[in-house]
Amino acid sequence: MNSLGKYAFSIVDEYCDNCGDCLRINCPAIQLNRKPVIDAKACIGCGICQLVCSRGAIIRIKVS
C-alpha cells in the first residue's frame, strides 16, 4: 500500500493525448509505454500528476 493513504491515480487512455505534462514531474510511478501509465503500487497518492494534467486524463482511484 502507498504511504499517503487509500488512493492512487490512473490515466484514462481516451482522454490522454500524449502531451507529456505528467512525465515532466519526474514521478517514479509514471512510465511511458505507448502512452503514460501510472503504476498503482508505486503511486504514493500525492495527486501532483492530476494537477498538472490539463486534459483531465488522470483520475483518483481507490486501492485496497
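In this text, all values refer to a predicted model and were calculated from it rather than measured experimentally.
Across every non-hydrogen atom of Arg60 and Gln50, the tightest pair is N-NE2, 3.9 Å. Between Cys49 and Ile38, the closest heavy-atom pair is SG-CD1, 4.0 Å. The two atoms that bring Arg34 and Asn18 nearest to each other are O-ND2, 3.3 Å, heavy atoms only. Minimum heavy-atom separation, Ile30 to Cys22: CD1-O, 3.7 Å. Closest approach of Cys16 and Pro36 over heavy atoms only: SG-CD, 3.8 Å.
Taken to the nearest 0.5 Å, the SG atom of Cys53 stands 11.5 Å off from the CZ atom of Phe9.
Here the side chains of Ile48 and Cys27 are not in contact, with every heavy-atom distance at 4.5 Å or above.
Linking Ile, Leu, Val, Met, Phe, Trp and Tyr whenever their side-chain heavy atoms come within less than 4.5 Å leaves Ile25 and Val37 in two separate clusters. Ile61 and Ile58 are members of different hydrophobic clusters when ILVMFWY side chains are connected at heavy-atom separations under 4.5 Å.
Not one N or O on the side chain of Asp39 forms a donor-acceptor pair closer than 3.5 Å with the backbone of Pro28.
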